[in-house]
Amino acid sequence: MHLCMVQSVSKHIAVIGGGSWGTALVKILSDNLTLNDPPLNWWVRGEDNASYINQYHHNPKYLSSVQINSGKVKVSSDLMHTIASSDMLLFAIPSAFLADSLKEANGNMLQNKIVISAIKGIVPQTSNLVAEYFHNSFGVPYPDMLVISGPCHAEEVALEKLSFLTIAGQNKDYVQQFASMLAGRFIKTVASDDIFGTEYAAVLKNIYALANGICHGLGYGDNFQAVLIANSIKEIERFLDKIFPTHREVTDSAYLGDLLVTAYSQFSRNRTFGNMIGKGYSVQAAQLEMNMIAEGYYAVKSMHELNKQYQVNMPIMEAVYKILYRGASASDEIRTLIPSLS
C-alpha cells in the first residue's frame, strides 16, 4: 500500500520556501522532471516575488543565476492553495518562521501527504525538531516524513558542483522514491533510517559552525579550529547516543560531513555570523548586516534548554549560549573552554 502511494505522490510535489535552499531544491527537482510529469509547485512569500519569478524566470533575492523553467515550475504566493494542490510537501523555510507561516493551516491540511523537511533547525515556539513539530501540531505520522541533510550548500548546487544529500526516513519506499527524484548529474543521494539523529545533527552542526566562526573572528588559526571541530563531533555523538541510542556512524557524511562544510565553507551563514560576533559585533548588528538567518543562533537557546533534561557534557555549545544569550565575552569564554578540549 505504501509503495503505491509513493508512486502517486511523486507526481504532485511542492517546494515551500523561496530562500537559497528552496531555490536550489527547485533547481534539483525541476531539472529531473520529464515531459510526462506535471509542473513542480513552488511557494514563495509575497505576490510581487512570485510574479517576478514567473515573468523573469529567476529568483531576484537568492541564487539569482539559477534559471527557472516556467514550463516545469508553477510559482505561487498562496501557501494554502500550494499545500492543498500537492501530495508531497518539501519545506525549506527557516525554522524560526515555520510556525508563523503555517498559522492558517488547519489540523487536517497535511493529512495523507508526505512531509519532507529540508530545515536545519529547532522550531523555537515549541522547542521541537521539525519532524516533531509536524507530528505534534498536524498529526503527520512519522513514517510519512522524510528529512534531507547535507553536506550541501545551496550556492554550490547553483554552480552544479558535485554534492551529496542524505535522505532519512522510516519508510524505505518513500526514502528510495524521493532519493531518485533528487539524484542526478551533480547530486548523489544516500539513504538513512536515522530521522531524528540526522535532524539533531543538522541542528547541532549549525551551533558548532557558529563557534568556529567566533574563534576565527577572535584570531584563532586553523590548528585550533581543527581541534574545536574534532571536539564538536564528540559532543554531537554524546548527545545523539543519549537521546536516540541506535547504531550510527557519526563519521558518515550526514553527521561529520555536514559539520565540516558548515564549519569551514565560505557559504556558511553560521560561520559568517560567528565570525562577526568574534570580531566584536553585537548579535543585533550581525543579524542586520547579514540580512539572512543563521539557524545556530536560535538553535543554541533551544538546545541549552533541552539539555537541562539530558545533562550531556557539551562545553562548546554552552560557551556559545553564554556568548549569545548572556552577553559573555567571546574571548573570555573561549579561553575558559580550551582546557576542556582534547
Side-chain angles (χ1 to χ4, degrees), residues 13-35 37-77 79 82 90-94 97 116-121 148-167 178 181-189 202 206 209 213 253 257-258 260-273 275-276 287-295:
I13 312 167
V15 175
I16 312 297
S20 296
W21 194 213
T23 305
L25 290 165
V26 167
K27 172 181 171 56
I28 294 169
L29 289 166
S30 62
D31 281 356
N32 289 344
L33 290 177
T34 68
L35 294 175
D37 292 320
L40 178 73
N41 294 323
W42 185 17
W43 175 81
V44 299
R45 189 182 302 277
E47 187 175 345
D48 289 345
N49 288 334
S51 297
Y52 184 99
I53 296 171
N54 280 320
Q55 182 175 355
Y56 297 105
H57 315 298
H58 70 94
N59 187 341
K61 296 183 177 180
Y62 303 96
L63 304 187
S64 58
S65 64
V66 172
Q67 291 297 304
I68 306 300
N69 187 332
S70 59
K72 290 185 174 184
V73 181
K74 292 172 60 177
V75 187
S76 172
S77 61
L79 179 55
T82 300
L90 173 52
F91 286 88
I93 301 171
F97 305 138
I116 308 155
S117 171
I119 302 169
K120 312 264 179 96
I148 301 177
S149 56
C152 189
H153 277 303
E155 292 82 359
E156 290 204 350
V157 170
L159 296 170
E160 299 190 352
K161 299 285 189 180
L162 180 61
S163 303
F164 279 63
L165 290 172
T166 296
I167 315 302
F178 189 64
M181 295 177 192
L182 293 171
R185 177 171 52 85
F186 58 91
I187 297 293
K188 306 303 178 186
T189 56
N206 286 330
S253 59
D258 208 7
L260 290 174
V261 76
T262 311
Y264 289 114
S265 174
Q266 61 178 321
F267 298 122
S268 171
R269 300 174 191 179
N270 291 283
R271 176 184 169 88
T272 299
F273 183 81
N275 186 58
M276 295 170 76
Q287 289 174 324
L288 287 171
E289 183 158 327
M290 281 186 63
N291 195 31
M292 299 177 83
I293 297 297
E295 292 277 17

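Here the structure is a predicted model, which means the values were calculated and not measured. Numbers here simply count residues along the sequence, with the first being 1.
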Practice item. Give a yes or no answer on whether the side chain of Lys72 reaches the backbone of Leu33 with a donor-acceptor pair at less than 3.5 Å. Key: yes
Review point. Judged by atom type as modelled, is there a donor-acceptor pair below 3.5 Å linking the side chain of Thr189 to the main-chain atoms of Ile187?
Key: no
Exercise for review: Indicate the atoms forming the closest heavy-atom contact of Met181 with Asn32, along with that distance.
Suggested key: O-ND2, 2.7 Å
Check your understanding: Does the side chain of Ser265 reach to within under 4.5 Å of the side chain of Glu156, using non-hydrogen atoms?
Key -> no
Revision key, fill the gap. Between Ile68 and Val26 the two heavy atoms that sit nearest each other are CD1-CG1, 4.2 Å
Exercise for review: Go through the steps for Ile167 and Ile148 under the test side-chain contact (heavy atoms from CB on, under 4.5 Å), then give the verdict.
Suggested key: CA-CA 5 Å; Ile167 315 302; Ile148 301 177; 4.0 Å; yes
Point to revise | Where Leu25 and Ala92 come nearest, the two heavy atoms and their spacing | key: CD1-CB, 4.2 Å
Review point. Counting distance only, does the side-chain N/O of Asn206 pair as donor-acceptor with the main-chain N or O of Gly121 below 3.5 Å?
Key: no
Practice item. State, yes or no, whether a side-chain contact exists between Lys120 and Thr262 at a heavy-atom distance under 4.5 Å. Key: no
Point to revise | Main-chain N/O of Ala263 paired with Arg271 side-chain donor or acceptor, under 3.5 Å | key: yes
Point to revise | Sidechain-backbone polar pair: Trp42 side chain, Gly17 backbone, donor-acceptor under 3.5 Å | key: yes
Review point. Residues in side chain to side chain donor-acceptor pair (under 3.5 Å) with Tyr52, at least two apart?
Key: His58
Check your understanding: Looking only at heavy atoms, what is the nearest atom pair of Val261 and Cys152, with distance?
Key -> CG1-N, 4.4 Å
Exercise for review: Heavy atoms only: give me the nearest Thr272-Gln266 pair and the separation to one decimal.
Suggested key: OG1-O, 4.5 Å
Check your understanding: Would you say Ile119 and Glu295 make side-chain contact, with heavy atoms under 4.5 Å?
Key -> yes
Review point. Can you tell if the side chain of Asn41 reaches within under 4.5 Å of the side chain of Ile13, non-hydrogen atoms only?
Key: no
Practice item. May I have the step-by-step check of side-chain hydrogen bond (donor to acceptor under 3.5 Å, both in side chains) for Asp37 and Thr34, ending in yes or no? Key: CA-CA 5 Å; Asp37 292 320; Thr34 68; 3.0 Å; yes
Review point. Does Lys74 use its side chain to pair, donor to acceptor, with the backbone of Pro39 at less than 3.5 Å?
Key: no
Practice item. Compare every heavy atom of Ser268 with every heavy atom of Ala209, then report the nearest pair and how far apart it is. Key: CB-OG, 4.3 Å
Review point. Tell me, do Trp21 and Val157 make a side-chain contact under 4.5 Å, heavy atoms counted?
Key: yes
Review point. Does any non-hydrogen side-chain atom of Leu63 lie less than 4.5 Å from one of Glu155?
Key: yes
Point to revise | Asn59 side chain to Gly18 backbone, donor-acceptor under 3.5 Å | key: yes
Exercise for review: Please report the C-alpha distance between Leu182 and Leu29 in whole Å, then the side-chain angles of each, then the deciding distance to 0.1 Å, and finally whether the side-chain contact (heavy atoms from CB on, under 4.5 Å) criterion is met.
Suggested key: CA-CA 6 Å; Leu182 293 171; Leu29 289 166; 3.7 Å; yes
Practice item. Taking the side chain as every heavy atom from C-beta outward, state whether Leu162 and Lys188 have any pair of such atoms under 4.5 Å apart. Key: yes
Practice item. Flag the pair Ser30 / Val73 as yes when at least one side-chain heavy-atom distance between them is below 4.5 Å, and no otherwise. Key: yes
